[in-house]
Amino acid sequence: MRKDIYSLPAARLVALAAAALLAGCALGPDYAGPPDAAPNAARGGQFVRAGADANAAMPSNRWWEGLNDPLLNSLVQRALEANPNLGVARARLLQSRAALGLEQANAAPTVGASALAAHARLPPLNLSGSSSSSSSPTSVNLYNLGFDATWEIDLFGAHRRAVQAAGASAQAAEASLADVQVSLAAEVANAYINLRDRQQRLALGEQSVKAQEDMLKLTGQRVERGTASSLDQIRIQNQLDGTRADLVPLQAERDAYLNQLATLLGQEPGALDGELAAAAPVPLPPSQVAVGDPTSLLRRRPDVRSAERTLAADTAKIGQAEAARYPSLKLFGVIGLGGTHPSDLTRLDDFAAIGAPMLSWNFLDFGRAKARVTQAERVRDEAEMKYRQAVLEALRDAEDSLSRFRYGRVTVATVARTKASADRALELARQRYAAGTGTLIEVLDTTRQQLSAQQNLLQAEANLTRSFVGIQKALGLGWSPEPT
C-alpha cells in the first residue's frame with residue numbers, strides 16, 4: 001500500500017530521492033502488455049465461420065493482386081502513393097515523432113549564452129551638496145559574455161515516463177497510418193468493383209434495349225400485314241420504355257464511381273474517365289482464400305495495435321502524474337566574463353561563476369496532484385476498455401466477412417442456375433411465338449425474367465468479390481511499414 005509522500009519526514013524523503021536516482025527507477029506502474037481480451041484467439045484457435053474455401057495459410061499483404069486485374073493493381077498502388085488522407089495520417093505521424101524527439105531532448109541540460117556591449121553616460125555626482133556644475137558627466141563602457149546551464153535531475157522518472165508515453169503515442173500514430181492504408185486499398189477495390197458492375201449491367205441493358213427495338217420493329221411490320229395487333233405493339237413499346245428508364249440510375253452510379261476513384265487517387269473528378277471507359281467484367285476471387293488464424297489477425301490489424309499503443313502511453317502518463325507529487329531538483333550554473341574594455345573578455349583567469357542546486361516542492365496543493373494521478377488512472381482504464389472493444393470488433397469483422405463470403409458463393413451458384421433456366425425458357429418462348437403456338441405476352445414475360453436473372457447474377461458476383469475485399473480489410477491487410 002502506497003504511503004502518502006506528505007507524511008514522510010524530510011530525511012526519509014531525501015533518502016528516497018537518492019535511492020530513486022541511483023536505481024534509475026520511475027514511479028507509476030510499468031506497462032506489462034495488453035490484457036487478454038480474447039482467450040480463445042490467443043490460444044491459436046481457428047476462425048469459427050471459415051468455410052471450405054478458406055484455409056489457414058498466411059494471407060498476402062498485397063491481396064488485390066489475387067483478383068488478377070492489372071488495372072486494379074495499378075489503381076490501388078497509385079492511391080497508396082497520392083491519396084490526401086494518407087498525407088494527413090503521415091503528417092500526424094511526423095508530429096508524434098517530433099513530440100518524441102522533444103521529450104527526449106527535455107531530459108538533457110539546457111545551455112545558453114549571452115553577450116552584452118553597452119555604453120552608459122552617468123550624470124556628475126555632487127557629494128558636497130553645492131550647486132556647482134564644474135563636474136562633468138562620466139561615460140562608461142561595459143562588455144560581458146556569459147554562459148548559463150540548467151538541468152533538471154530526473155529523480156522520480158517523470159522524464160522517462162514522458163519519453164515512454166511519447167514513444168508509444170508515435171507507434172500508435174504509425175498504426176493509425178497503416179489503418180488508413182488498409183481502408184484505402186479496400187475502398188479503391190470496392191469502387192472499382194462497383195464501377196465494373198454498373199458497366200456490365202449497362203451493357204446488358206443496352207443489349208436488351210436493342211433486342212426490344214428489333215422486336216418492336218418486327219411487330220410493327222406484322223401489324224401492317226394484319227398478323228399482329230396494335231396492343232402487342234403497345235406492350236413492347238412499354239417494356240422498351242421501362243428498360244430505358246432502368247438504365248438512367250445505372251449511368252448516374254457509373255459516373256459517381258468514376259469520380260470516387262479519381263478522388264481516391266488524389267485527382268480531379270473525370271481524370272480517369274478515358275482510362276476506365278471500356279467496360280470490363282467484375283474480377284472474381286480465387287477459389288481458395290488464405291485467412292491465417294485469429295492470433296495473427298490481432299497482431300497484424302492496425303486498429304488493434306493503435307489501441308494497444310494508446311494503452312501503453314496512458315499507462316506511462318500515470319507515472320508522470322505520480323512524479324509531479326514529489327520534489328524536483330534543478331542544477332543551475334552561470335559563468336561570466338567582462339569588464340570595461342573588450343580585452344577583458346579574453347581574461348579567462350578573471351571570471352565570475354555561480355553554481356547552485358535548487359529544490360522545489362509544491363507540498364501543499366490541497367490534493368491537486370493526487371487528483372491528477374486519479375484522472376490519469378481512469379484515462380488508462382478507458383484505454384484498456386477501448387482495447388478490449390477493438391479486439392472483439394476485429395474478431396467479429398473477420399467472422400462476419402468469412403460468413404458473407406461463404407454464403408456468397410452459394411448465392412452465386414443458385415443465381416447461375418436460375419439464369420440458365422431463364423435462358424432456356426426465353427429460347428422456348430421465342431420458338432413457340434415464331435411457330436404461332438405461343439403468345440407475345442409469354443415472350444415479353446420470359447424476356448423480363450431472363451433480364452432480371454442476368455442482372456441478379458451480375459450483382460451476386462459483384463457481392464462475392466466485395467465479400468472477398470471485406471475479408472482482406474477485416475484481416476488488416478494492405479499496409480506497409482512507414483520508414484523512420
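In this structure Arg432 satisfies the salt bridge (charged side-chain N to carboxylate O under 4.0 Å, His left out) test together with Glu442, sequence neighbours excluded. Applying the side-chain hydrogen bond (donor to acceptor under 3.5 Å, both in side chains) test to Asn190 and every residue at least two apart in sequence or in another chain returns nothing. Under the rule for a salt bridge (charged side-chain N to carboxylate O under 4.0 Å, His left out), the partners of Lys386 that lie at least two apart in sequence or sit in another chain are Glu382. Tyr433 meets the side-chain hydrogen bond (donor to acceptor under 3.5 Å, both in side chains) test with Arg222; sequence neighbours excluded. Gln251 meets the side-chain hydrogen bond (donor to acceptor under 3.5 Å, both in side chains) test with no other residue; sequence neighbours excluded. Applying the side-chain hydrogen bond (donor to acceptor under 3.5 Å, both in side chains) test to Arg62 and every residue at least two apart in sequence or in another chain returns Glu65, Gln77. Legend: residues meeting salt bridge (charged side-chain N to carboxylate O under 4.0 Å, His left out) with Glu206, ordered by chain and number and at least two apart, are absent. Not a single salt bridge (charged side-chain N to carboxylate O under 4.0 Å, His left out) links Arg196 to another residue, sequence neighbours left out.
Using modelled atom types and a 3.5 Å distance limit, the side chains of Arg161 and Gln320 yield no donor-acceptor pair. Side-chain contact of Asp69 with Tyr192: a donor-acceptor pair under 3.5 Å is present, judged by distance alone. Checking Thr446 against Gln450 by side-chain atom types alone, no donor-acceptor pair falls below 3.5 Å.
Counting only residues at least two apart or on different chains, the salt bridge (Lys or Arg N to Asp or Glu O under 4.0 Å) pairs with a member in residues 237-247 are Glu213-Arg244. The salt bridge (Lys or Arg N to Asp or Glu O under 4.0 Å) contacts involving residues 412-426 comprise Lys419-Asp423, where partners must be two or more places apart or lie in separate chains. Sequence neighbours left out, the pairs with a member in residues 265-291 that pass salt bridge (Lys or Arg N to Asp or Glu O under 4.0 Å) are Arg78-Glu275. Note on residues 443-469: pairs passing salt bridge (Lys or Arg N to Asp or Glu O under 4.0 Å), not counting sequence neighbours, are Asp445-Arg448.
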(message) Walk me through whether Arg305 and Asp179 qualify under salt bridge (Lys or Arg N to Asp or Glu O under 4.0 Å).
(response) CA-CA 10 Å; Arg305 293 191 297 113; Asp179 194 41; over 6 Å; no
(request) Apply side chain to side chain contact (heavy atoms under 4.5 Å, CB included) to Trp64 and Leu75, showing your working. (result) CA-CA 10 Å; Trp64 50 87; Leu75 293 174; over 6 Å; no
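Minimum interatomic distance between Leu444 and Gln239 (heavy atoms only, all atoms of both residues): CD2-OE1, 2.9 Å.
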